[in-house]
Amino acid sequence: FKNNSVFVFLFLFFAASLIYEKISHLLIYLGSIGALTIALLFAAKSPLVDIGGITLVLILFLLVSCVNLKLRTDFSKKSQNSIEYYIKFFELSPLGIFIHKNGEILYLNPSFMQLMKLSEREKVIGKQFTELIHPKHRKDVSFDIEQKIANERLGFIEQRLVLCDESIIEVETDFVEFYHMGQPVVICMIKDITDRKKTERMLIEAELRYRGLLESTLVGVCLCQDNFIYANPYLEKLLDYTKEELYNMSFFDIVYSEDRPLVEEFDPKKMKRNVNSQFRIVRRDKKIKYVEAHAVSTIYYGNPTTIITLLDISHIKKTEEQIKYIAYHDSLTGLPNRYMLNDYIDKVISDNEANGSKVKVMGVMLVDLDRFKIINDSLGHSFGDAVLKEAAQKLKSCVGDNNIVFRYGGDEFVILLPDTDAKKCAEIANSIADAFRQPFLVNGKRTFSTTSIGISMFPEDGDNAEMLIKNADSAMYVVKDIG
């Protein structure tokens with residue numbers, strides 16, 4: 001113990017005490033070294049240090065070493081618990097997790113083994129990850145965090161893996177870089193999305209099929225919210241608008257103004273049931289088309305939406321109008337026939353009764369052509385048809401625009417005179433008689449046919465079409481008999 005050697009000794013003594021990890025080992029070490037030191041100090045003839053002081057220093061070293069050991073032990077336990085926690089987290093995670101350093105696998109969890117169809121963990125640890133991939137596809141796979149950073153990609157990256165047994169899985173991967181024992185390693189998290197991607201492809205294929213069906217169908221189809229959000233090519237052609245123009249328009253913009261009440265339920269916010277309706281639409285060129293529409297409610301991107309199919313029925317409406325015209329008009333003279341007459345009289349009477357107003361007068365005049373059968377038999381049916389046509393024109397010119405001439409059948413005509421009293425009806429009858437005293441000129445031939453006219457008045461002579469026509473017919477035969 002000469003010079004400052006005692007301080008070197010104490011430093012070495014304390015430094016050696018820091019390597020122990022068990023309290024029993026530390027106590028044995030400190031006890032034996034302390035006892036030996038004190039014994040040597042007592043054996044020395046002239047020690048440089050005080051025995052009591054050195055003893056206090058040794059006790060102090062003992063306390064410091066115990067505290068240091070306690071702290072290190074607590075830290076070690078916490079570190080071990082933290083490691084066990086993360087290991088348990090990795091082991092129970094549904095995501096496939098593996099840790100690699102430059103591609104060499106350092107750790108993998110059960111989910112990763114199941115995903116990659118691996119049986120024994122020990123046989124995989126230490127291998128390159130690419131050894132788990134089919135040789136022909138290894139160059140297409142990368143789990144390198146540098147690639148992610150270089151490409152500035154965030155979140156999961158989708159990859160397609162072909163395993164050694166040539167089975168294919170699709171995965172989402174994400175990477176986390178950290179340092180382990182001073183070395184950079186990468187944690188890779190893998191999620192199996194094979195089923196999800198399969199479902200996505202099926203949905204895409206289904207959408208393409210249905211879109212192809214909508215794009216090729218011969219029916220107008222559209223999706224509407226506040227404006228059009230989809231219109232198929234047939235609807236563009238039907239309306240003569242482009243998609244871009246329709247997307248800035250409301251469905252109600254194409255509906256004929258008088259028919260808009262018919263499509264109020266087509267509003268997605270009001271629609272509560274499926275709706276079928278017929279109405280008119282207006283094309284860009286202002287032409288009007290009749291359509292039959294079917295509307296159903298749905299949700300599109302979280303918003304109420306109406307799916308509307310439009311069938312062009314303009315040709316059907318035109319045909320219906322032609323059929324109705326044929327059914328209610330005489331093909332020879334073009335005048336309304338007896339079926340329209342009956343309906344018209346009954347409608348006028350029922351409208352008056354429904355309005356609750358005082359019943360208006362109406363005259364019903366039945367006109368018969370005298371000698372028409374002789375003309376028809378002697379000059380031929382074609383000549384007779386020409387006479388009937390000219391007779392229809394004479395009657396129309398005599399009665400005016402407010403009165404209606406009907407061909408009742410054969411050589412009989414009925415004239416309906418709304419809001420006309422008996423005196424006015426008589427005046428019109430006289431003008432008709434005067435007109436028919438003039439000869440008919442057909443194909444250069446002159447012929448004569450006078451008229452016999454019977455009149456009945458509503459409501460005095462009847463309150464329905466049948467009664468009024470019957471009484472007018474009776475009056476006409478009285479006139480014929482008188483001559």
Side-chain angles (χ1 to χ4, degrees), residues 327-353 358-376 384-440 447-483:
Y328 285 97
H329 288 78
D330 175 51
S331 59
L332 177 63
T333 62
L335 296 175
N337 60 19
R338 63 190 301 165
Y339 300 109
M340 182 178 282
L341 170 66
N342 293 334
D343 290 347
Y344 191 87
I345 294 175
D346 288 338
K347 185 177 184 303
V348 170
I349 295 173
S350 63
D351 287 347
N352 284 337
E353 293 175 350
K358 184 179 179 180
V359 178
K360 299 177 182 178
V361 295
M362 179 174 61
V364 177
M365 185 182 298
L366 196 148
V367 179
D368 180 77
L369 299 183
D370 299 329
R371 299 181 61 255
F372 179 75
K373 187 175 186 307
I374 297 173
I375 295 172
N376 210 29
D385 289 345
V387 170
L388 288 174
K389 289 180 181 180
E390 189 172 337
Q393 295 302 318
K394 284 187 177 184
L395 290 173
K396 289 174 69 176
S397 64
C398 291
V399 301
D401 296 333
N402 294 329
N403 305 311
I404 306 174
V405 180
F406 298 83
R407 185 183 179 195
Y408 196 65
D411 57 356
E412 293 181 333
F413 297 85
V414 173
I415 302 172
L416 199 62
L417 307 165
D419 297 325
T420 306
D421 57 16
K423 181 180 178 181
K424 184 64 175 176
C425 288
E427 292 176 359
I428 294 174
N430 288 330
S431 67
I432 292 173
D434 292 341
F436 276 79
R437 289 190 183 96
Q438 301 300 319
F440 289 90
T447 187
F448 290 87
S449 177
T450 56
T451 59
S452 298
I453 302 173
I455 302 173
S456 64
M457 300 299 299
F458 171 81
E460 292 87 350
D461 300 323
D463 59 358
N464 58 64
E466 183 179 0
M467 184 63 68
L468 289 169
I469 294 171
K470 180 179 178 182
N471 288 332
D473 187 59
S474 298
M476 184 267 295
Y477 276 106
V478 171
V479 172
K480 270 189 179 294
D481 292 342
I482 294 174

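A heavy-atom distance below 4.5 Å is found between the side chains of Tyr328 and Asp343. Met365 places a side-chain heavy atom less than 4.5 Å from the side chain of Ile432. Looking at heavy atoms from C-beta onward, Val405 lies out of side-chain contact with Val367 at the 4.5 angstrom threshold. Within the 4.5 Å cutoff, the side chain of Met457 has no heavy atoms near those of the Asn471 side chain. For the pair Ile345/Met362, a side-chain contact is recorded, criterion being any heavy-atom separation below 4.5 Å from C-beta on.
Atom-to-atom distance recorded for Ile469:CD1 and Ser474:OG is 12.0 Å, nearest 0.5 angstrom. Separation of atoms OG1 (Thr447) and CZ (Arg371) is listed at 5.5 Å; rounding is to 0.5 Å. Ser350 OG to Asn464 CG: the interatomic distance, rounded to the nearest 0.5 Å, is 12.0 Å. The distance from the CD1 atom of Ile404 to the OH atom of Tyr344 is 3.5 Å, given to the nearest 0.5 Å. In this structure, Asp346 CG and Leu468 CG are separated by 9.0 Å, a value rounded to the nearest 0.5 Å.
Between the side chain of Thr333 and the backbone N or O of Lys389 there is no donor-acceptor pair closer than 3.5 Å. A distance-only check finds no donor-acceptor pair linking the side chain of Arg338 to the backbone of Gly409 [under 3.5 Å]. No side-chain donor-acceptor contact under 3.5 Å links Lys424 to the backbone of Leu417.
Heavy-atom neighbours of Glu466 CD from other residues, nucleotides or ligands within 6.0 Å: at or below the threshold of 12. The environment of CG in Asp434 is crowded: more than 12 heavy-atom neighbours from other residues, nucleotides or ligands sit within 6.0 Å.
By the 6.0 Å and 45° rule, Lys396 does not stack over the aromatic ring of Phe413.
Heavy atoms only, all atoms of each residue included: Phe458 and Asp463 are closest at CE1-CA, 3.8 Å. Of all the heavy atoms in Leu369 and Ala391, the pair that sits closest is CD1-CB, 4.0 Å. Contact between Pro418 and Asn403 at its shortest, heavy atoms only, is CD-OD1, 3.6 Å. Residue Val479 comes nearest to Ile453 through the heavy atom pair CG2-O, 3.3 Å, listed as atom of the first residue, atom of the second, then distance. Closest approach of Gly384 and Asn376 over heavy atoms only: CA-OD1, 3.5 Å. Counting all heavy atoms, side chain and backbone alike, Tyr339 lies closest to Ala327 at CD1-O, 3.8 Å.
Each of Asp368, Asp330, Asp385 was compared with Arg407 under the salt bridge (charged side-chain N to carboxylate O under 4.0 Å, His left out) criterion, and only Asp330 meets it. The side-chain contact (heavy atoms from CB on, under 4.5 Å) with Tyr408 is formed by just one residue from the set Leu335, Asn337, Val414, Ile415; it is Val414.
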* Yes or no on side chain to side chain contact (heavy atoms under 4.5 Å, CB included) for Asp419 and Asn402, after CA distance, side-chain angles and deciding distance? -> CA-CA 9 Å; Asp419 297 325; Asn402 294 329; over 6 Å; no
* Are Ile455 and Asp461 close enough, and set up right, to give a side chain to side chain contact (heavy atoms under 4.5 Å, CB included), and what steps lead you there? -> CA-CA 9 Å; Ile455 302 173; Asp461 300 323; over 6 Å; no
* Given the rule in the side chain to side chain contact (heavy atoms under 4.5 Å, CB included) test, do Glu412 and Leu366 qualify, once you have shown the distances and angles that lead to the verdict? -> CA-CA 7 Å; Glu412 293 181 333; Leu366 196 148; 4.2 Å; yes
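Look at Asp473 and Lys470 and you find no salt bridge, because none of the NZ, NE, NH1 or NH2 atoms lies under 4.0 Å from a carboxylate O.
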